[in-house]
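I have placed the structure first, in the form of structure tokens, so that the comments after it can refer back to it.
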Amino acid sequence: MTISGAAASAPRWRLVAREGEDVVITTVDADLDVTHVQRRPRERWWDADDAGTRWVWSETNRWYPGILATPSLVARCHDLRLAHAILRRSALVADADALRAATQWDVAGKEEAQPLTAPTLFDVEGTSPAGVPDDPEEVLAEFRRQQLAIRGSSNAARLRLLVAAESAGALLAVEMHSAGVPWDRRTHERILEETLGTRPSPGEQPERVREAAQRVRAALQDPSANLDSQPKLLRSLHRVGISAESTNRWELAEYDHPAIAPLLVYKKLTRLMSANGWGWLDEWAADGRFRPVYVPGGVVTGRWASSGGGALQIPRQLRPAVRADPGWTLVVADVAQLEPRVLAAMASDDALAGAARGQDLYEGIVNSGVVRTRQEAKIAVLGAMYGATTGDSGRLVPALRRAYPRAMGLVDAAATTGEQGGVVSTWLGRTSPRATAQWRDVQAAAALPEATESDRTRARRAARDRGRFTRNFVVQGTAAEWALAWLADLRGRLAALPPVGANDAARNSAAVFERRPHLAFFLHDEIIVHTPVVYADAVADAVRQAADGAARLLFGRFPIDFPLDLRVAQDAAKS
DNA sequence: AATAATTGCGCG
DNA sequence: AAAGCGCGCAATTATT
């Protein structure tokens, strides 16, 4: 159960696979030769984790829940499915033909989410519509293909890091699902009641929603106006002289009419009710834990996606419902301006890194005299990374280009590559998808002598759209890598803390996390650790040290800060 | 009746 | 005030 932090300079790879009713464990040496094969009955194949072992398996979602239930933690693994997805299209891999030919390891991105509730290992078998292989020969063959691809790549160290970080993330995703986010039902109910009114009977609307709807209908002088159907609402608005083209919040706010204010309230309230109302509470947090399914690598850039419960969209308003158990507390941390800091390091832009020194990068930019206000700095930086060309943001970007030519040069080059149909890569070598056939057709059509002006306009727009995507890909993707390195480092530090209490009789899977500090939530650049109060300081230190560790792991000695906004509190409400 | 597309809004 | 990137989900309308 203890995870050793000892550097395993020569990791021992142990491949696990299925053969009939048994689990076959194949040990492989540094030359990728098999040194040992073991066959064990599947019911109890797992005994203990060894320091220095890296478990190689088809898919963490398939193998880890059963181990966690024993209960045990795995220190290191190599997830063949996730690694395959990275390596088969990494521009760093010189020859990916063999990997690309192994299509049985390709799983459509959105179909990846697996049921993670299985109490034992093989209960999930067959539930995956497009399951990756699990037989010993193919697992070994794919592992060899991947190792050869990495060894023959232009930067094996970075790809190794990326695959290890991705795999650590996969372990953590299963663990966080198992542990869950501590969720205080009564706090959530209180927020709902204060905002919406008391819980209505099924089919009814809560009081505040009814009131808001009444006020809108009165102002529209239409007692039967439908506020939930966009086209009908739009027609109702037009009838009273509100000539909006859409019903989105920002456009409606521009009109001065007594119906607008209550309508915006109505939209706000019904959103809360349908997305995170009583129904959500019953379905997702009834037992005091919210257990989202995380999907590592679910976003093209390498960010995680999620499936079920809207894990990545919990409204700030409900953050107070994330509440530590009695005797426990939360360590809540997020990175200030992760993406521009990552950009400064990638581009070795000393000027931007200098502005980033300290807590607030935007203030740093203001202090350098590049723009006048913090708000301008923020808009300019976001515009630079997203490719804004118009509005305030577009106007401010040129000032940034003058002040930080290296950083801006990097994202501008990524945009140009994308516009021309090329691919771009993150710092560790995750590579963007190739241009689609449809995209290339549009470009080709515009290049023909008989192309119309509209063909050319269409092609230009498609090119710029793709340029904005690749521009952002390098930054968002590298930020995701930094975050993974942070998580992986922190995970190791938390595992090194001795469990509290002495309840060795506890055998259910949740017991692992009832006795030790554990990550409970992760969202792009922020984490929540749920910890016994006695470990609060140790955990806070670990979170900071892990951030430093991630910075050095990715960017070596380049002087870039990643300051954290960190707080220790009973609940996760923003202070 | 089932599935796809559209709109809007929550998160970073 | 809502541009510029990446998502998931609910409600509705459109299509099959």
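Below, each value reflects all heavy atoms present in this structure, side chains not excepted, and no hydrogens, waters or symmetry copies. The sequence lines fix the lettering, A, B, ..., with proteins before strands; numbering per chain opens at 1.
- A salt bridge is absent between A:D525 and A:R303; no separation between the charged side-chain nitrogens and carboxylate oxygens falls under 4.0 Å.
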For this session: Might you work through the ring-ring contact (aromatic ring centres under 6.0 Å, His included) test for A:W183 and A:W280, ending with a clear yes or no?
Result: CA-CA 12 Å; A:W183 199 271; A:W280 184 94; 5.1 Å; yes
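- No more than 12 heavy atoms of other residues, nucleotides or ligands shown are found within 6.0 angstrom of CZ on A:R434.
- Checking side-chain atoms of A:E59 against main-chain N and O of A:R81 turns up no donor-acceptor pair under 3.5 Å.
- The two residues A:L352 and A:A407 have their closest heavy-atom pair at CD2-CB, 3.7 Å.
- For A:L82 against A:P296, the heavy-atom pair with the smallest separation is CD2-O, 3.7 Å.
- Annotation for A:R372: atom CZ does not count as buried by contact number, only 12 or fewer foreign heavy atoms lying within 6.0 Å.
- Contacts between residues 179-199 of chain A and DNA chain C, counted as heavy-atom distances below 4.0 Å, involve no residue at all.
- Not counting sequence neighbours, the partners of A:R89 by the side-chain contact (heavy atoms from CB on, under 4.5 Å) test are A:V300, A:P433.
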For this session: Summarise how protein sits on nucleotides 11-16 of chain C as a single string, 5' to 3': B when a protein heavy atom is under 4.0 Å from the base, S for sugar-phosphate-only contact, - for no contact.
Result: SSS---
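- For the residue pair A:L484 and A:G169, the shortest heavy atom distance occurs at CD2-CA, 4.0 Å.
- Listed here is the closest heavy atom pair of A:V322 and A:I528: CG1-CD1, 4.2 Å.
- Heavy atoms only, all atoms of each residue included: A:A85 and A:R88 are closest at O-CG, 3.8 Å.
- In 5' to 3' order, the nucleotides of DNA chain B bounding all contacts with chain A (an atom under 4.0 Å from a heavy atom) are B:dT7 to B:dG12.
- Counting to the nearest Å, the P atom of C:dG8 and the CZ atom of A:F290 are 14 Å from each other.
- Across residues 408-439 of chain A, not one residue has a non-hydrogen atom less than 4.0 Å from an atom of DNA chain B.
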Exercise. Passes salt bridge (charged side-chain N to carboxylate O under 4.0 Å, His left out), A:K574 versus A:D334? Steps please.
Worked result: CA-CA 11 Å; A:K574 188 89 178 177; A:D334 63 76; 3.6 Å; yes
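- Per the geometry, CG belonging to A:D525 stands 17 Å off P belonging to C:dC7, to the nearest Å.
- No engagement by A:E339 is indicated, since no non-hydrogen atom pair under 4.0 Å with the nucleic acid exists.
- Here A:R303 does not reach the OP1 or OP2 of C:dG6: none of its side-chain N or O atoms lies under 4.0 Å away.
- Between A:R491 and A:E175, at least one side-chain nitrogen of the basic residue sits less than 4.0 Å from a carboxylate oxygen of the acidic one, meeting the salt-bridge criterion.
- The aromatic rings of A:F473 and A:F469 sit perpendicular to each other, their planes meeting at more than 60°, with 30° as the lower class boundary.
- Screening residues 374-430 of chain A for ring pair (Phe, Tyr, Trp, His ring centres under 6.0 Å) gives A:W427-A:F555 as the qualifying pairs, with residues at least two apart or on separate chains.
- Residues satisfying the salt bridge (charged side-chain N to carboxylate O under 4.0 Å, His left out) criterion with A:R406, sequence neighbours excluded, are absent altogether.
- Residues satisfying the side-chain hydrogen bond (donor to acceptor under 3.5 Å, both in side chains) criterion with A:S425, sequence neighbours excluded, are A:T431.
- Listed here is the closest heavy atom pair of A:D349 and A:P405: OD2-N, 4.1 Å.
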For residues 227-235 of chain A, dump all side-chain donor-acceptor pairs below 3.5 Å to protein atoms at least two apart in sequence or in another chain.
| residue | atom | partner | partner atom | Å |
| --- | --- | --- | --- | --- |
| A:D228 | OD1 | A:Y266 | OH | 2.7 |
| A:D228 | OD2 | A:Y266 | OH | 3.4 |
| A:S229 | OG | A:K232 | N | 3.4 |

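- Backbone-only contact: A:R316 has heavy atoms under 4.0 Å from sugar-phosphate atoms and none from a base.
- Taking atom CG of A:N276 as the reference point, atom P of C:dA10 lies 9 Å away to the nearest angstrom.
- Counting any heavy atom pair closer than 4.0 Å across all strands shown, A:V475 reaches no nucleic acid atom.
- Across the protein-nucleic acid pair, A:R395 atom CZ and C:dA1 atom P stand 15 Å apart, rounded to whole Å.
- Interface residues of residues 239-258 of chain A facing DNA chain B, ordered by number: A:S246, A:T247, A:N248, A:R249; criterion, heavy-atom separation under 4.0 Å.
- Residue A:R374 places its CZ atom among more than 12 non-hydrogen atoms of other residues, nucleotides or ligands, all under 6.0 Å distant.
- Whole-Å rounding puts the A:L396 CG to C:dA1 C1' distance at 14 Å.
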Problem set entry | side chain to side chain donor-acceptor pair (under 3.5 Å) evaluation trace for A:E193 with A:T198 | CA-CA 5 Å; A:E193 280 169 21; A:T198 54; over 6 Å; no
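- For the pair A:W304 CH2 and C:dG8 C1', the computed distance is 17 Å after rounding to whole Å.
- In this structure, CG of A:L264 is placed 14 Å from C1' of C:dA1, rounded to the nearest angstrom.
- Residues from residues 375-394 of chain A lying near DNA chain B, meaning a heavy-atom separation below 4.0 Å, are absent.
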For this session: Would you write the dot-bracket representation of DNA chain C, where each base gets (, ), [, ], | or . depending on whether it forms a Watson-Crick or G-U pair under 3.5 Å and with which partner?
Result: ....||||||||||||
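- On a pure distance criterion of 3.5 Å, no polar donor-acceptor pair joins the side chain of A:Q476 and the base of C:dG6.
- Taking 90° from 0 as the syn/anti boundary, the base of C:dG4 is oriented syn.
- Look at CZ on A:R471: it is 13 Å from P on C:dG6, rounded to the nearest Å.
- More than 12 heavy atoms of other residues, nucleotides or ligands sit less than 6.0 Å from atom CG of A:D282.
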